[in-house]
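First the structure, in the form of structure tokens, and then the observations on it.
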Amino acid sequence: VALSVLAPLLAAAPVVVPADDALRLALGGIDSSIGAQQASNTSSECDVCLALVDTFAARLLDNATRDDATRELDALCGKLLGELHRLCDDLAAALDGAIWGWANEASFATIICAEVKVCEYACCQPGGLPEQVHLSLQPLHNGSGAMGIRATWATLPPIDAAVIAWGLSPADLGSTVSATRYTHSSGGWKGWLYTGVMAHLPPGARVYYKVGAPGRFSPVFHFRVPGARSATARGMALLFIGDMGILHSAPTMAALADEVATGEWDALLFNGDISYMDGSLPLLDEYLRRMERVLAYLPAVYSPGNHDCPYKFEPYLKVFPFDGPGEPPLYYSLDLGFLHITVLATDYPNNDPIWPDGTFGFAPGTPQHAWIEADLASPAAAAAAWRFTLGHRPFLCSSTSNGDWADCFGHAPLYREWLEPAMHAAGVDLALQSHQHAYERSYPSLDGKLVSTSYASPNATVYIVNGAAGNIEG
């Protein structure tokens, strides 16, 4: 049986039901009704499911035909008794609808067995202390134009009356705000999430905070409130990344942690494909644990990418909540001092329940397209000294780093046709893009043509692609 390379990750976030070696031996080649019966009687449905799907995927990767792999699955299922045998009916239906290119993904069995609702995956350590703490920018929507800082975190057992306690000294966290507790079950996820917004923060101040409740508080973290707010003052210092993932991103995480420790940055712009969870919630949890040293200290602005789509974006929306006018709030805008940021959801909407890859979700005639045009023409955008768009798929690029010619030479011209007239009329200065696992920066351009070779007060948009944060897919 092929064993998942996610095992080291799952060790940090234990599977709710432990794995059973007897089952894996039984399904790995012991052609014995006694061995099979022992396995079926001592193993959970989750263990059976994971072993079956791993075996099935391994046969596909050995160049077996789909029919051959299905016959082998049927033979294995024939060894199982009672309730475990009935699992195979649900499993066969799920595999029949699966995306076969995913068979080589380490998370394939995790996703399939969550889909048939026999596996649950614990989000967090069993002790119940807050983890996966991360910050995001949240407009207060109270007419003041003020920006709050949202803190979100997770626990396995629930915390009653959870709060964010904060102050201007680590010894005096006298201000508190209640946190909202909620959960979801997409992908077999098991745990609780909490979120709350710190408001009325002094610009430029260093704020210290902790999350949880008495007896179950996190360590004290800190962040600097985005500071000077005029086009002629300090300016704005922003980090921008996309397409990061977890399995090959340790250098990026370390570099980000070093930068955040300087205290010189106002915010992080995170442009989709955040953890490459691809439907595997244990992978997303582990990513957030590893990135806590960055995300708990620097507020972020998130836009979704195509690898954030599974389960109709529910895990993404739960983990990165945002109060905005959209429903769901996947596309939105915010004003950070003299900067107006229009956040696009380039892969929304799509009705596929598992893998919505909504490449045309913002075409003319869609609600998102109408909203983007209205936002770019809004008084807030007009009043800003700088205007950015933040969206995952590129409008202008030349790379084929993902092995997909269509991204830059098929889709990108369409996207410019749809939205570049509104961007140009609004005076968008920078279009921040990702998706291609490369770095590119254009000169000021319009309709794919060079307008100027100078970045000084350009009269067209500069396009930046930055999808090189660490994932090596493609």
Side-chain angles (χ1 to χ4, degrees), residues 132-137 149-150 152 223-224 226 236-278 283-284 286-309 316 319-320 322 330-332 334 336 339 341-347 386 388-397 399 401-402 407 429-442 462-474:
Q132 306 176 35
V133 180
H134 53 284
L135 301 175
S136 55
L137 295 176
I149 304 296
R150 178 184 293 279
T152 305
F223 62 91
R224 186 175 59 77
M236 197 75 64
L238 303 172
L239 286 168
F240 167 45
I241 59 174
D243 295 83
M244 187 173 182
I246 179 174
L247 297 179
H248 304 95
S249 298
T252 305
M253 292 181 184
L256 284 171
D258 288 345
E259 288 295 337
V260 170
T262 68
E264 294 299 316
W265 298 94
D266 288 285
L268 169 67
L269 305 183
F270 209 143
N271 203 15
D273 288 1
I274 292 166
S275 68
Y276 278 79
M277 66 169 182
D278 288 340
L283 195 150
L284 175 60
E286 179 62 21
Y287 175 85
L288 290 169
R289 272 189 290 275
R290 296 188 186 188
M291 278 290 284
E292 188 178 78
R293 57 179 169 160
V294 173
L295 300 178
Y297 295 91
L298 184 66
V301 178
Y302 295 97
S303 69
N306 53 302
H307 289 271
D308 304 310
C309 293
Y316 174 92
V319 169
F320 305 113
F322 185 87
L330 288 164
Y331 50 90
Y332 56 90
L334 51 81
L336 188 58
L339 170 62
I341 304 175
T342 303
V343 179
L344 316 180
T346 59
D347 288 86
W386 288 81
F388 291 1
T389 60
L390 180 69
H392 183 69
R393 289 182 183 265
F395 286 31
L396 183 66
C397 60
S399 170
S401 64
N402 292 2
D407 284 339
D429 299 285
L430 280 177
L432 300 176
Q433 316 161 116
S434 298
H435 193 59
Q436 288 293 311
H437 299 170
Y439 177 85
E440 294 186 66
R441 184 185 68 230
S442 77
V462 173
Y463 292 86
I464 294 178
V465 175
N466 185 13
N471 191 276
I472 62 171
E473 173 201 83

Out of curiosity, Leu432 CG to Leu238 CG, how far, rounded to the nearest 0.5 Å?
-> 8.5 Å
Give a yes or no on whether the backbone of Leu396 and the side-chain of Gln433 come within a donor-acceptor separation of less than 3.5 Å.
-> yes
Atom pair NE2 (His435) and CG (Asp243), whose distance is rounded to the nearest 0.5 Å = 7.5 Å
Quick one: closest heavy-atom pair of Leu137 and Ala267, and the distance?
-> CD1-CB, 4.0 Å
Sequence-distant partners of Phe223, ring pair (Phe, Tyr, Trp, His ring centres under 6.0 Å), two or more places apart | Tyr209
Knowing that exactly one of Asp347, Thr346, Asn306, Asn271 qualifies, which makes a side chain to side chain donor-acceptor pair (under 3.5 Å) with His392?
-> Asn306
Determine which pairs satisfy side chain to side chain donor-acceptor pair (under 3.5 Å) with at least one residue from residues 254-263, sequence neighbours left out, and list them in order.
-> Glu259-Trp265
Do any N or O atoms from the side chain of Asn471 and from the backbone of Met244 form a donor-acceptor pair under 3.5 angstrom?
-> no
Would you give the length of the straight line joining atom CD of Glu440 to atom CD1 of Ile464, rounded to the nearest 0.5 angstrom?
-> 11.0 Å
Side-chain contact, heavy-atom cut-off 4.5 Å: Leu268 with Leu295?
-> yes
Do Tyr316 and Tyr302 come close enough that some side-chain heavy atom pair is under 4.5 Å?
-> yes
With sequence neighbours left out, write down each residue that passes side-chain hydrogen bond (donor to acceptor under 3.5 Å, both in side chains) with Glu292, or none if nothing qualifies.
-> none
Residue that, paired with Leu298, satisfies side-chain contact (heavy atoms from CB on, under 4.5 Å) out of Leu135, Leu256, Leu239 | Leu239
Value for CG (Asp308) from CG (Asp278), rounded to nearest 0.5 Å, stands at 9.0 Å
Is there a side-chain contact between Ser434 and Asp273, using heavy atoms and a 4.5 Å cut-off?
-> no
After noting the C-alpha distance and the side-chain angles of Ile246 and Ser275, does the key distance pass the side-chain contact (heavy atoms from CB on, under 4.5 Å) rule?
-> CA-CA 6 Å; Ile246 179 174; Ser275 68; 5.7 Å; no
Would you find a donor on one side and an acceptor on the other, under 3.5 Å apart, between the side chain of His134 and the backbone of Met291?
-> no
Taking all non-hydrogen atoms of both residues, which atom of Ala469 and which atom of Ser249 are closest, and how far apart?
-> O-OG, 3.9 Å
Do the rings of His437 and Tyr276 sit parallel, tilted or perpendicular, given the 30° and 60° boundaries?
-> perpendicular
Value for CZ (Arg150) from CZ (Phe320), rounded to nearest 0.5 Å, stands at 12.5 Å
Pro394 to Cys397 - nearest heavy-atom pair and separation = CG-SG, 3.6 Å
Mind listing the closest non-hydrogen atom pair of Tyr463 and Ala431 along with its distance?
-> CD2-CB, 3.5 Å
Check whether any side-chain heavy atom of Val294 lies under 4.5 Å from a side-chain heavy atom of Met253, and answer yes or no.
-> no
Close side-chain approach of Asn466 and Tyr439, heavy atoms under 4.5 Å = yes
Interatomic distance, CD1@Ile341 vs CZ@Phe388, rounded to 0.5 Å, equals 7.0 Å
Leu336 to Met236 - nearest heavy-atom pair and separation = O-CE, 3.2 Å
Is the shortest heavy-atom distance from the side chain of Tyr332 to the side chain of Val301 under 4.5 Å?
-> yes
Give the minimum heavy-atom separation between Ala257 and Arg293, together with the two atoms involved.
-> CB-CD, 4.0 Å
